[in-house]
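Shown next, in structure tokens, is the structure this report addresses.
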Amino acid sequence: MSAPNVHRKNFLSEFSVSSPSFLWLTIFFLLPTLIIFAISFRSRGEFGGIGDQWTLETLQSIAHPNYPSIIWRTIWMSLACTGLTLAIAVPVAYHMARVSAKMRDLMMLLTIIPFWTNFLIRIFAWKSVLHPEGFLKQFLVWCHLVNPDATLLYRPEAVLLVMIYTELPFAILPLYAAAEKFDFSLFDAAMDLGATRLRAFFSIFVPGIADGLLSACLMVLIPCIGSYVIPDMVGGKDSMMLGNVIVRMTLENRNIPAAAALSAVLTVVMFLPLLFFLKGKKNPDGSAAPAKEVV
Amino acid sequence: MEEFLKFDRVTKSYGSLKAVDNVTLNIKRGEIFSILGPSGCGKTTLLRMLAGFESPDTGRILLDGEDITDQLPNIRKVNTVFQNYALFPHMTVRENIAFGLKIRHRPKAEIDAEVDKMLAMIQMEACADKKPNQISGGQKQRTAIARALILKPQVLLLDEPLAALDLKLRQRMSLELSLIHDEVGITFMYVTHDQNEAMSISDHIAVMHNGRVEQVGTPAEIYEAPRTSFVAAFIGDTNFFDGSISEVVDSEYCWLDVPGLPRILVFNDKKKSKGDFVHVSIRPEKFQISIDRPQVGPKHNVLPATVEDIVYQGDHTRYWVSIENGWRIAITRQHNRFMLDERPITWGDKVFISWQSDDGYMLEHYSEKDEDLLQMPPQQPGEIGSEEEEITNTLQNIELQEDGQ
């Protein structure tokens, strides 16, 4: 059998194996996204539908003075949430990889227990915790940490807190998977060469779980950018995010093309970190060539 | 003797297991000191205590007069070459070597100069900017050594440094290690389970077994004068004889009554007296094997034997012969002459074995378990007693059975 034939056969078998997921993604992901992009170039219909003219007006309307601040808030809230979530998740993953198997199972259980409760119910639970009559508020007042008149709910900080809470398991799981594979004799080696525990953690452990960090970043960042339930329920007027605007455009203003335009912007915003991730994945060593094994 | 590095009655337990049991060692400045033992003997625990990753339950560790028992690993002037090198995968060879100096915030120019010196010493200038997964096992090994040596430690710890390399590379690296040692003059503490490695590289060896130090000595002392049956059986191979002394001939020799054998003359190095029960270890290469009865002096023992098994190894041949009453002996014969010129000794040959009586060594401590460490082919049921008739009978039986089929 000649070589090209082999390649052809491989290609065919690869294609047949991947075609179901390929078709699925095309029909349910790629096409809808393209439709949304297309609608954002349409005019607004008379009764809240989609008009039949092509126009750039809808996209230009995004330049509305309200939007840049909302886009900006969406980005900084998402970045802050990602940063803080990772700051909590990395030490947790480190400990999970180091403790005994029994303790590790317990920590794993505690990590995934929230999944057993519906997302909305958990947010309602947070609402009652943060509520002016809620125990957290009462406790903080008792500690003289907050003013009795202050509100914990309906502020960007509350949104951030609940977002971190929601995303934490999604960060811990990939980080733990990476930490479990980490060779802790490297940690010993760093200490042996004079590094303190903290230094070894940052200059050996953290780069050592870079892959896990990257996927945890995406797992947190992307849902954050698109989130709307949390800002809607625990946030106030000044914690509105892009997701909320899209919902409002769709349900209240009945301006489908504007919602589509915002969605398109959101998609692009989310796509950028993904591109960055893919680029990082392709050459992890900064060298495109695969590592050459010598002797 | 100058005490440079001292383990003073160090004990470490994990649960009910005593990993290191009351170990006292004195290591001289500038020597290569090996800790040799089978896996699980506590040698790595001992090393990790010196590096600071474990702390002893009791006992002290003193380095150059300073008690370092409770010092953190990053304070100790002791650096380790880890078993699997533990090179930082996200750093280049150069960055790996520079790591220790960077931690110490040395000026960049100084770090570069030091790293260049190290790279030249390990002859890896060409690979300086490669990542650990792009270099070979031997190069990883050299990088790990350079990374530890650049800090000019008082002691360099090597934890099975050659275990991951193949045989030829292992031999070359062990020579290179000796050269590096001669160049830097730092005390090396070398942990290994490989007796050949320990023999070839060390000034002194401590043989460990079940958390205890069985013997400390030069490689020759350990090999030629083993204190216990474990040392005798673990280092190289040996034959054990036991019996009671029936007669003390003079200040040097005595007759030993070995059950089932004619009495043999042994060197009375422990000054035992008549009636004492002793164990004697005789190395396989101390025996001579010949087809004709050898002409020997008065201080020799000669026994008739039957060849049971032969393993040809090129430079030498290993014979297992049986003597009277089920005693079996391993014999090594060096081929210092072209072997094919003589009539070869073959399976079932009646031979004579002889050895000089002062080539045996009396053991201070004997444990029957250590016999399991000896290389001995499994005994075939028909050969017990190794009487010629029995073998012949067995052979005839086999022939008869084959005829009958």
Side-chain angles (χ1 to χ4, degrees), chain A residues 90 93-94 97-103 175 177-217 277 279-295, chain B residues 47-48 50-54 72-92 95-106 124 126-127 129-140 143-144 147-151 153 156-157 159 165-166 168-169:
Chain A
V90 172
Y94 170 80
R98 294 228 88 171
V99 293
S100 68
K102 213 169 154 188
M103 193 65 194
L175 284 174
E180 197 203 10
K181 277 184 243 136
F182 180 76
D183 175 8
F184 279 96
S185 68
L186 297 179
F187 212 86
D188 283 351
M191 300 263 298
D192 188 72
L193 293 168
T196 57
R197 213 167 266 281
L198 200 67
R199 177 74 193 256
F201 182 84
F202 282 111
S203 51
I204 305 301
F205 178 72
V206 173
I209 56 162
D211 275 358
L213 267 176
L214 220 50
S215 41
C217 254
F277 172 74
K279 199 164 168 266
K281 250 286 156 39
K282 210 174 279 174
N283 35 10
D285 293 341
S287 61
K292 205 170 134 200
E293 203 59 46
V294 198
V295 184
Chain B
L47 188 93
R48 287 178 66 83
L50 180 53
F53 300 124
E54 314 272 351
L72 283 172
N74 48 353
I75 310 292
R76 299 186 185 203
K77 285 188 189 139
V78 164
N79 291 110
T80 312
V81 176
F82 288 84
Q83 187 164 5
N84 294 314
Y85 321 128
L87 296 178
F88 306 128
H90 60 287
M91 296 184 189
T92 62
E95 287 165 343
N96 262 288
I97 297 175
F99 185 81
L101 294 179
K102 249 173 93 180
I103 292 283
R104 284 163 179 74
H105 302 292
R106 298 280 180 79
M124 290 230 347
C127 303
D129 296 314
K130 287 189 179 168
K131 292 274 171 73
N133 63 354
Q134 293 168 305
I135 59 177
S136 69
Q139 290 171 327
K140 283 182 199 172
T143 308
R147 185 178 70 173
L149 279 178
I150 200 166
L151 298 172
L156 181 73
L157 310 184
D159 185 8
L165 305 176
D166 58 57
K168 286 282 167 192
L169 198 55

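Throughout, protein chains are lettered first and strands after them, A, B, ... in sequence-line order, and every chain is numbered starting at 1.
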Please classify the contact between [X] and chain A as side chain, backbone, both or neither, with a heavy-atom cut-off of under 4.5 Å.
X: B:Val81; result: neither
X: B:Arg147; result: both
X: B:Leu87; result: backbone
X: B:Phe88; result: both

Could you tell me which of A:Asp188, A:Thr196, A:Asp183 has the largest number of non-hydrogen atom pairs under 4.5 Å with chain B?
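Counting heavy-atom pairs under 4.5 Å, the top option is A:Asp188.
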Looking at B:Leu151, B:Asn79, B:Ile75, which has the largest count of heavy-atom pairs under 4.5 Å with chain A?
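It is B:Asn79.
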For the pair A:Phe205 and A:Phe184, name the ring-plane relationship: parallel under 30°, tilted 30 to 60°, perpendicular over 60°.
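Parallel: the ring planes of A:Phe205 and A:Phe184 meet at under 30°.
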Mind telling me whether B:Phe82 and B:Phe53 have parallel, tilted or perpendicular rings, with 30° and 60° as the class edges?
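Rings of B:Phe53 and B:Phe82: tilted, 30 to 60°.
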Non-hydrogen atoms of chain B under 4.5 Å away: do they reach the side chain of A:Ala190, the backbone, both or neither?
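When you check distances to chain B, atoms from both the backbone and side chain of A:Ala190 fall under 4.5 Å.
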Under the 3.5 angstrom rule, does the side chain of B:Glu95 hit a backbone N or O of B:Thr92 as a donor-acceptor pair?
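Judged by distance alone, yes, a pair lies under 3.5 Å.
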Are any non-hydrogen side-chain atoms of B:His90 and A:Ile204 less than 4.5 angstrom apart?
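In short, these two side chains touch, coming nearer than 4.5 Å.
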From CA spacing to verdict: side-chain hydrogen bond (donor to acceptor under 3.5 Å, both in side chains), B:Thr143, B:Asn96:
CA-CA 8 Å; B:Thr143 308; B:Asn96 262 288; over 6 Å; no
More than 12 heavy atoms of other residues, nucleotides or ligands under 6.0 Å from CZ of A:Arg197: is that the case?
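Count not over threshold, so no.
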